[in-house]
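Just so we're on the same page: letters track the sequence lines, and every chain starts at 1.
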Amino acid sequence: MAGPGLEAGDPRGRLRLGGDFFGRPCVGLAKALLGQVLARRLPDGRELRGRIVETEAYLGGEDTASHSRGGRRTARNAAMFMKPGTLYVYQIYGLYFCLNISSQGEGAAVLLRSLEPLQGLEAMRQLRLSQRKGGHPPAKPPKDWQLCNGPSKLCQALAINRTFDQEDLASAPDLWLEPGPEAPAEALVCSPRIGISGDWAHKPLRFYLRGNKCVSVVDKAAEQAT
DNA sequence: CAGAGGATATGCT
DNA sequence: GCATATCCTCTGG
């Protein structure tokens with residue numbers, strides 16, 4: 001028996017977090033995802049792994065910062081309204097991708113903002129450099145801690161694009177979630193989401209592991225308040 | 001360290 | 001047309 005939220009895993013015999021893990025309210029899922037390991041198998045068979053260290057909750061309805069605000073569905077955000085565990089991958093600024101996981105709640109989803117790279121760092125570096133966008137070609141190779149320290153960086157590093165949109169993280173063949181080796185040793189920090197303006201800009205809907213080098217934006221004030 | 005600029009898909013006023 | 005859940009490089013204090 002695998003236990004709550006767990007199902008028989010990938011060919012390596014590891015456990016994979018199953019559908020019932022995702023079926024909880026958005027904020028609860030955003031917190032529960034911290035410390036879990038996102039695993040990716042590339043077409044050539046290489047496996048990449050990273051520990052989730054930063055997430056954001058995007059609620060439906062009243063949350064004016066959410067793509068699903070007001071309960072509006074579009075071709076882009078359809079995955080937000082699908083069953084918990086469904087991936088929502090969208091393109092931002094016409095250039096980059098962001099990876100979200102649908103939670104319980106109408107139109108609610110969790111944005112994955114950063115990972116701590118664990119395995120396949122060289123492949124990640126290669127993917128980051130080969131997919132660089134924007135008008136600034138010459139690049140210094142990223143340090144290990146900056147391979148996945150941002151929502152679009154982690155998508156580049158794991159070669160995640162729109163083909164993953166509307167896939168189910170509980171059953172996708174090349175992308176899955178494994179339970180973290182242990183409960184996170186770092187304390188949970190709650191702070192405002194990044195890049196948001198408007199009424200909901202200050203709501204504490206971003207969650208990260210305190211002191212982790214791979215967190216994209218450290219909020220000293222929020223940490224002080226703990 | 002802060003700010004500017006650029007690349008540019010998608011949805012909305 | 002305009003704003004946006006971004007990232008990278010260069011510039012000036």
Side-chain angles (χ1 to χ4, degrees), chain A residues 26-27 29-31 33-34 38 50 52-81 86-103 105 107-115 117 124-166 189-208 214-222:
Chain A
C26 198
V27 167
L29 180 62
K31 294 178 181 177
L33 283 167
L34 294 175
L38 185 65
I52 299 172
V53 299
E54 182 182 3
T55 61
E56 286 179 357
Y58 285 88
L59 316 182
E62 302 302 300
D63 183 358
T64 53
S66 175
H67 288 171
S68 59
R69 69 184 87 77
R72 277 190 291 275
R73 291 171 192 243
T74 65
R76 180 178 64 163
N77 72 11
M80 297 185 85
F81 295 87
T86 304
L87 299 174
Y88 170 43
V89 180
Y90 72 94
Q91 200 164 13
I92 186 173
Y93 297 109
L95 294 169
Y96 299 102
F97 295 102
C98 290
L99 174 65
N100 301 252
I101 302 171
S102 173
S103 73
V110 176
L111 169 71
L112 299 189
R113 277 200 65 91
S114 24
L115 308 178
M124 292 181 186
R125 206 182 317 278
Q126 185 183 331
L127 285 161
R128 285 288 312 284
L129 290 171
S130 65
Q131 297 176 82
R132 294 188 63 268
K133 317 263 178 163
H136 306 282
K140 284 165 259 187
K143 305 293 187 187
D144 291 354
W145 58 271
Q146 26 182 248
L147 285 170
C148 306
N149 66 335
S152 296
K153 294 182 189 179
L154 76 86
C155 284
Q156 276 193 343
L158 299 193
I160 290 169
N161 55 44
R162 190 170 284 157
T163 63
F164 286 89
D165 188 46
Q166 300 186 19
V189 178
C190 307
S191 89
R193 293 172 292 185
I194 301 301
I196 303 297
S197 57
D199 293 344
W200 282 60
H202 69 282
K203 304 248 182 209
L205 292 173
R206 181 171 72 115
F207 309 96
Y208 67 86
C214 301
V215 170
S216 64
V217 181
V218 169
D219 185 335
K220 293 278 203 211

To the nearest Å, how far apart are L154(A) CG and dC7(C) P?
8 Å
Of the listed nucleotides (dA7(B), dG11(B), dA5(C)), which one gets closest to any side-chain atom of L111(A)?
dA5(C)
N/O donor-acceptor pair, side chain Y90(A) with base dA5(C), under 3.5 angstrom
yes
Distance-only, no hydrogens or angles: does the R125(A) side chain make a donor-acceptor pair with backbone N or O of P142(A) under 3.5 Å?
yes
Mind checking R193(A) for me? I need base, sugar-phosphate or nothing, with any heavy atom below 4.0 Å counting as a touch.
nothing
What residues form a ring-ring contact (aromatic ring centres under 6.0 Å, His included) with F81(A), not counting sequence neighbours?
none
OH of Y96(A) versus P of dC8(C): gap in Å, rounded?
6 Å
Using a cut-off of strictly less than 4.0 Å between a heavy atom of the residue and any atom of DNA chain B, enumerate the qualifying residues of residues 55-74 of chain A by number.
R72(A), T74(A)
Tell me if a side-chain donor or acceptor on R128(A) pairs with a main-chain N or O of L147(A) at a distance below 3.5 Å.
yes
Look only at the side chain of E56(A) and the backbone of I194(A), and say whether a donor-acceptor pair between them is shorter than 3.5 Å.
yes
Within residues 195-206 of chain A, find the residues that approach DNA chain C with a heavy atom at under 4.0 Å, and present them sorted by residue number.
G195(A), I196(A), S197(A)
Quick check against the 3.5 Å criterion: does R193(A) have a side-chain atom that pairs as donor or acceptor with the backbone of A57(A)?
yes
Whole Å only: how far is the CD1 atom of I92(A) from the P atom of dT6(C)?
4 Å
Would a distance-only check, ignoring hydrogens and angles, find a side-chain to backbone donor-acceptor pair under 3.5 Å from S66(A) to L59(A)?
yes
Are the side chain of Y58(A) and the backbone N or O of S68(A) linked by a donor-acceptor pair below 3.5 Å?
no
According to side chain to side chain donor-acceptor pair (under 3.5 Å), who are the partners of T86(A), at least two apart in sequence or on a separate chain?
none
Non-hydrogen side-chain atoms of Q156(A) and Y96(A) separated by less than 4.5 Å:
yes
I need the CD-C1' distance between Q131(A) and dC7(C), as an integer number of Å.
13 Å
Which whole number of Å gives the distance between the P atom of dA5(C) and that of dT13(B)?
14 Å
Taking the cut-offs as 6.0 angstrom to the six-membered ring centre and 45 degrees off its axis, would you call K203(A) and W200(A) a cation-pi pair?
yes
Round to the nearest Å and state the distance from D165(A) atom CG to dT10(B) atom P.
11 Å
Any donor-acceptor pair under 3.5 Å from S114(A) side chain to G150(A) backbone
no
Where does DNA chain C form stems of at least three consecutive Watson-Crick or G-U wobble pairs, each pair having both distances below 3.5 Å?
B:1-7 with C:6-12, B:9-12 with C:1-4
Of K153(A) and A109(A), the one whose nearest nucleotide on DNA chain C sits closer to the 5' end is A109(A)
Whole angstrom value for the distance that separates P of dA9(B) from CZ of F97(A):
11 Å
Return the value, rounded to whole Å, for the distance between atom CG of L95(A) and atom P of dA7(B).
10 Å
Students often get this wrong, so: under 4.0 angstrom with heavy atoms, is I194(A) touching a base, only sugar-phosphate, or nothing?
sugar-phosphate
Rounded to the Å, how far apart are K140(A) NZ and dC10(C) P?
7 Å
Partners meeting salt bridge (Lys or Arg N to Asp or Glu O under 4.0 Å) with D199(A) (sequence neighbours left out):
none
